[in-house]
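Submitted below is the structure of interest, expressed as structure tokens.
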Amino acid sequence: MRRIGRFGFIGFLILIVVGGIWIWGVLNPEHRFQKAVLNPLTVPSSNISTVSEGKEQSVDTPNSLPNTEGNVLLPSSQVTTATQATSDKETLSFNVVLIGTDTWGGENSRADTIMVAHVMPDQRKVNIVSVPRDTRVYVQNVGYTKINHAHIVGELKGGNQQGTLTLVQAVSDFMNIPIHHYIKTNFSGVRDFIDSIGGVDMVIDQDVTITPEITIKKGEQHLDGEHALYLARERYSTKDGDFSRQREQFNIVRAVAKQLLKPEHIPDLAGLLLKQQNDIIDTSFSDSDLISLAWLFKGMESDDFTYEQIPGKNSFGPDPLVGKKVYYWSVDFAEVKLLKERLFTE
């Protein structure tokens, strides 16, 4: 009987060791996202041409094939090339598009917030770039228009998921990078998620007037979900307009990460992320991916986030959807290329 008990105990120890090895291999972020790197959600459409501002921009994509959901897929040779380039560099980094739509839920929507994150699990670092919603980009089957229109164009064609895929493809084409995952929420999602973690602590650089009755004061502030959303949306009362708003959106993302890393949240971080996925967040990450992300975040500080904005200039031009001249943020493609090489290449 003692021998049986001893063997049972040894078996239990072996089970724990094997289980630990399995968890380490499957959920460790340095291993977990290798599959995503080798199999991106979208890759850039190589036939899209960019020309200098003021010249006609055109696209010819005869070899692109729509899948059953209407998303444009590249020929297999192009996908293999993009994938092989990633594999040759032996990098485990991956790219995520963060999307905030301009609705409370249910109605057709544009992308009010677009950020692209380059996540480096082995370095425990994240580089984030804000893409202005008025950026002039090519949207497949439409032409050159504002990037925030891409979501509603896809949504009107094939529903919420197609809206996401159309926007993600537009970002991939514009930045000339593969996109491996996306995270999308709306106004109520931002508010409710921040409330679920007890609000965020931020340092506000300037007074931000929302209405005559509501002003978020300069200095250290603790914001609940409603006031953080006010800050994320406001662009008229700040000196740099939409670019001040983009910086505050990044500051909110960093503040959320810092709040999630507090000791009281770490034990239930994975469960919190899974709950929010089901309730208010639309994402391509699986449940186990989110648990792995929680593991990744536990080793990071707020200083491990680097942030930049897309360089360019103000301009006006025709919009095929509106049928008249509209305001655009016209990018400097040479500077965008340098930014990509600096922040999206390990």
Side-chain angles (χ1 to χ4, degrees), residues 97-117 128-135 146-149 151-152 163 167 183-262 264-265 272-273 275-277 279-283 302 305 307-310 314 326-329:
V97 178
L98 310 176
I99 307 166
T101 60
D102 60 354
T103 70
W104 294 97
E107 63 271 38
N108 292 326
S109 57
R110 297 172 300 176
D112 192 59
T113 301
I114 305 169
M115 289 188 278
V116 189
I128 296 180
V129 173
S130 285
V131 180
R133 64 183 191 174
D134 295 317
T135 302
K146 294 186 179 185
I147 195 168
N148 74 328
H149 289 164
H151 188 275
I152 196 169
L167 176 60
I183 299 175
K184 184 171 77 171
T185 188
N186 56 23
F187 289 156
S188 59
V190 172
R191 179 195 62 198
D192 295 347
F193 182 79
I194 290 176
D195 282 340
S196 74
I197 59 175
V200 291
D201 296 313
M202 296 183 59
V203 177
I204 311 300
D205 295 332
Q206 57 188 317
D207 288 352
V208 180
T209 301
I210 310 301
T211 69
E213 295 79 24
I214 301 175
T215 297
I216 299 175
K217 293 291 187 180
K218 177 180 178 180
E220 295 183 5
Q221 299 287 347
H222 181 81
L223 303 180
D224 60 14
E226 182 177 17
H227 286 82
L229 180 60
Y230 283 148
L231 187 63
R233 297 181 62 188
E234 180 55 38
R235 57 177 175 155
Y236 296 109
S237 67
T238 57
K239 63 179 181 179
D240 293 328
D242 193 52
F243 290 92
S244 290
R245 188 177 77 116
Q246 291 172 41
R247 284 193 295 271
E248 294 300 355
Q249 289 169 352
F250 165 72
N251 289 334
I252 291 170
V253 170
R254 186 169 57 180
V256 166
K258 184 176 181 180
Q259 181 72 359
L260 287 171
L261 292 171
K262 288 186 175 180
E264 62 267 28
H265 286 143
L272 176 64
L273 291 175
K275 180 180 185 300
Q276 301 311 321
Q277 179 192 18
D279 292 348
I280 59 178
I281 293 176
D282 173 19
T283 179
S302 59
F305 291 82
Y307 173 74
E308 292 195 29
Q309 296 174 318
I310 295 293
N314 298 317
V326 298
Y327 166 79
Y328 286 111
W329 181 250

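What's counted below: heavy atoms across the whole structure, side chains too, no hydrogens, waters or symmetry copies.
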Inset, instruction - Examine distances only and state if a side-chain atom of Glu308 and a backbone atom of Val129 form a donor-acceptor pair shorter than 3.5 Å. - result: no

Inset, instruction - Take Ser188 and Arg191 through the side-chain hydrogen bond (donor to acceptor under 3.5 Å, both in side chains) test and state the conclusion after the steps. - result: CA-CA 5 Å; Ser188 59; Arg191 179 195 62 198; 5.0 Å; no

Legend entry - pair Tyr307-Gln246: side-chain heavy atoms closer than 4.5 Å: yes

Inset, instruction - Heavy atoms only: give me the nearest Val97-Ile99 pair and the separation to one decimal. - result: CG1-CG1, 3.6 Å

Legend entry - Main-chain N/O of His222 paired with His227 side-chain donor or acceptor, under 3.5 Å: no

Inset, instruction - Give, for atom OG1 of Thr101 and atom CG of Asn148, the distance between the pair rounded to the nearest 0.5 Å. - result: 11.5 Å

Inset, instruction - Would you check if Arg245 and Asp112 make a side-chain contact, meaning some heavy-atom pair closer than 4.5 Å? - result: yes

Legend entry - Salt-bridge present (Lys218, Asp207; N to O < 4.0 Å): no

Inset, instruction - Taking all heavy atoms of Ile252 and all of Ala232, pick out the closest pair and write down the distance. - result: CD1-CB, 3.7 Å

Legend entry - Heavy-atom pair with the smallest gap, counting every atom of Ile310 and Val131: CG1-CA, 4.0 Å

Inset, instruction - Could you tell me which non-hydrogen atom of Ile114 sits nearest to which non-hydrogen atom of Leu167, and how far apart they are? - result: CD1-CD1, 3.9 Å

Inset, instruction - Hey, could you give me the CD1/OG1 distance between Ile183 and Thr283, rounded to the nearest 0.5 Å? - result: 4.5 Å

Legend entry - N/O donor-acceptor pair under 3.5 Å between Asp102 side chain and Arg110 backbone: yes

Legend entry - Any Glu248 side-chain heavy atom under 4.5 Å of Asn251 side chain: yes

Inset, instruction - Compare every heavy atom of Ile147 with every heavy atom of Pro132, then report the nearest pair and how far apart it is. - result: O-CG2, 3.4 Å

Legend entry - Tyr328 vs Thr135 side-chain heavy atoms within contact, under 4.5 Å: no

Inset, instruction - Compare all side-chain heavy atoms of Phe193 with those of Thr185 and state whether any distance is below 4.5 angstrom. - result: no

Legend entry - Spacing of CZ belonging to Arg233 relative to OG1 belonging to Thr113, to within rounding of 0.5 Å: 9.5 Å

Legend entry - Side-chain donor/acceptor of Lys184 to backbone N/O of Ala111, under 3.5 Å: no

Legend entry - Glu234 CD to Ile216 CD1 distance, which is reported to the nearest 0.5 Å: 8.5 Å

Inset, instruction - Find out whether Leu231 and Val208 are in side-chain contact, i.e. whether some heavy atom of one side chain is under 4.5 Å from a heavy atom of the other. - result: yes

Legend entry - Nearest atoms (heavy-atom pairs only) where Gly225 meets Asp195: N-OD1, 2.7 Å

Inset, instruction - Please answer whether the main-chain N or O of Phe243 pairs with a side-chain N or O of Gln309 as donor and acceptor at a distance below 3.5 Å. - result: yes

Inset, instruction - Check salt bridge (Lys or Arg N to Asp or Glu O under 4.0 Å) between Asp201 and all other residues, then give those that pass, not counting sequence neighbours. - result: Lys262

